[in-house]
Amino acid sequence: MHEDLGKTEAALIAARRESLAALRSTCGDPFAQTRYAVETTAKELHASYGVLDVGQSAQSERWSLAGRLMSKRTMGKTIFADVHDRTGRLQVYIRKDELGDERFAVWDHLERGDVVGVTGYMFRSKKGDLTLHLVDFAPLAKALYPLPDKWHGLQDVEKRYRQRYVDLIVNDDVRDAMIARSRIISEMRRFIDANGFFEVETPTLLHVAGGASARPFLTHVNALDQQMQLRIATELNLKRLIVGGLERVYEIGRIFRNEGIDTTHNPEFTMLELYAAFWDVHDMMDFNEALIHHLVGAVSGEREELRVGERTISFKRPFARVAYLDGIARHGGYTREQLLSPGGAAAIVAELGLPPSPTHGHALDKIFEHVLEPHLIEPTFVVDYPTLISPLAKRKAGDPELVDRYELFCANMEISNAFTELNDPDDQRERFEQQVRERAKGDEEIPEPDWDFVRALEYGMPPTAGIGIGVDRLVMLLTGKQSIRDVILFPLQRQHG
RNA sequence: GCGCCUUUAGCUCAGUCGGUAGAGCAGCGGACUUUUAAUCCGUUGGUCCCGGGUUCGAGUCCCGGAGGGCGCACCA
């Protein structure tokens, strides 16, 4: 099992196993411990006893807490140790003359990495650190592997992702980012729930993965002996629920797309999709803006700006707005006529030096990405998308070549995508038929049509607005992280050989 | 898929022109009753990612491969 260990590592583990044996023979087996009465946290103690002056103590008040031993400074007959719990660090002070020789000697076998329960009273040390004066303790788990460098932490990115538990133990900023992610998502949920939405769960395994353009993962269901696909969006099922009359639904769920991996893409990622009957794209834009503004406030201490890399980005409302065609015209000089004709768009792609696109829609996406997206730093709603790249959105009244759709961009990243939903079944059927033709031209990311979805629309879907928000990227934005792996606990890695 | 970078002790990193493999931390032994990257003395520890090649001699140069990171392409 340990045949791949180096000699040094094997010796370190052997030494820790000896410590474990010593613990078992002196104060009992730490792994036999089932419970330690944890009454408080490091953070609570710092808050409660912050008023203590140097040398002052609160001897009559006993507290118990537990955590991981991260540092031990032995000074002969006393020890200073740092115990870390989920809220932070607490220093512990241990005296031989109070514990007695035998109990004090147990600390010879407690090392950096071990999990301990400690009980004592608070005082402020000579150097000003709030400290727990130890009265009683119990080893709760033994770390048989040594922890990484106490000063530099774990730097090896590969090991950080493959052994995230070690990363979380020693790198506080990683732990903070993951806690921030949890807080952001619960705050998002709270905000949405307060607006009368139902949280739902729709299937991950589908016969036809639709609602977006992406290659799906394929799998096989033994019980049915059928090939199935992992969902690439939750859109079509959520709109079925709108047809069913739930009116306001959302799902925060894992989406799977069998595409590339880089700093902004992981094959499985988290998306918020939300649908509101009787809203239109403008209602959704207001809601979207309020949600983002609220979350920025929540992570920034109620400020209206964020540090993103070298830059400070303002989230004061209202966010900027630019029409899709106007923006491309402004930064690239291309006209509506050029962009909305297949030949014109293909010519622009060639002029930009890009490889030829298989479809008109693909060409438009490339042009947008190269001409307008690099300028979208401040939060900006790009509105009035072309119909031909929006197969599920309702046409704009009086301008059928455009749809009532926007995407919110910030720091060059797409944060959300929203539109008034197409609810005309005949129009939807035609768009799907158009997609079949595009797919035949070689764009493998275009999904097969979900004809039952058209039937659902034939039962009558109320006018509805919908939105999708990439949760991982939003968390990146809100926590200032440059890589999606910094906000995903276990990013996908190649299996070791 | 293409390009660039990277892989040396448990961890963090040096390693010059091709000439006996280094440091700090951790570990081990010792001293120390308010330290906090504790300090001080002593000390163990190596498949230099893997496989070939050149050479009297390779961590170092060449070829091939693997893992990882970053760009590009693709996507969200």
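Each chain gets a letter, A, B and so on, in the order its sequence line appears, and its residues count up from 1. All values below were derived from every heavy atom in this structure, side-chain atoms included, with hydrogens, water molecules and symmetry-related copies excluded. Predicted model, so just to flag it, every value in this text is computed and none were measured.
- Side-chain atoms of Ser125(A) and base atoms of rU35(B) include a donor and an acceptor less than 3.5 Å apart.
- Note: Trp63(A) and Tyr49(A) have perpendicular aromatic rings, judged against thresholds of 30 and 60 degrees for the angle between ring planes.
- The base of rU36(B) sits within donor-acceptor range of the side chain of Arg89(A), with an N or O pair under 3.5 Å.
- A stacked arrangement is not assigned to Phe80(A) and the six-membered base ring of rA38(B), the conditions of a centre distance below 5.5 Å and an interplanar angle below 30° not being jointly met.
- Taking only side-chain nitrogens and oxygens, Gln493(A) comes nearer than 4.0 Å to OP1 or OP2 of rG69(B).
- Judged by atom type and distance alone, Asp82(A) does not reach the base of rU36(B) through any side-chain donor-acceptor pair under 3.5 Å.
- Note on Phe409(A): nothing from the nucleic acid sits closer than 4.0 angstrom, heavy atoms only.
- Considering only side-chain N and O atoms, Arg73(A) lies nowhere under 4.0 angstrom from the phosphate OP1 or OP2 of rU36(B).
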Next item on the list: Fill in the dot-bracket string of RNA chain B, one character per base: . for unpaired, | for a pair to another strand, ( ) or [ ] for pairs within the strand, taking Watson-Crick or G-U pairs under 3.5 Å.
Entry: (((((((..((((.....[..)))).(((((.......))))).....(((((..]....))))))))))))....
Notebook entry, point to check: Tell me, for nucleotides 22-32 of chain B in 5' to 3' order, what letter each nucleotide earns: B for a base near a protein heavy atom under 4.0 Å, S for only sugar-phosphate near one, - for neither?
Noted result: --BBSS----B
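- Syn is the conformation of rC17(B), whose glycosidic angle sits no further than 90° from 0.
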Margin query: How would you summarise protein contacts on nucleotides 3-8 of chain B per nucleotide, using B for base, S for sugar-phosphate only and - for none, with heavy-atom distances below 4.0 Å?
Written below: ------
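- The side chain of Lys7(A) lies closest to rG46(B), out of rC70(B), rG46(B), rG69(B).
- Contact annotation: Lys159(A) side-chain N/O to rC11(B) OP1/OP2 distance is under 4.0 Å.
- Residue Arg95(A) places its side chain closer to rU33(B) than to any other of rC11(B), rU33(B), rG71(B).
- A salt bridge links Asp97(A) with Arg95(A): at least one charged nitrogen is closer than 4.0 Å to a carboxylate oxygen.
- For rG67(B), neither phosphate oxygen OP1 nor OP2 lies less than 4.0 angstrom from any side-chain nitrogen or oxygen of Arg162(A).
- By the 4.0 Å N-to-carboxylate-O rule, Arg405(A) lies close enough to Glu407(A) to be salt-bridged with it.
- Under 4.0 Å is where a charged nitrogen must lie from a carboxylate oxygen, and between Asp82(A) and Lys72(A) no such pair does.
- Considering only side-chain N and O atoms, Lys127(A) lies under 4.0 angstrom from the phosphate OP1 or OP2 of rU35(B).
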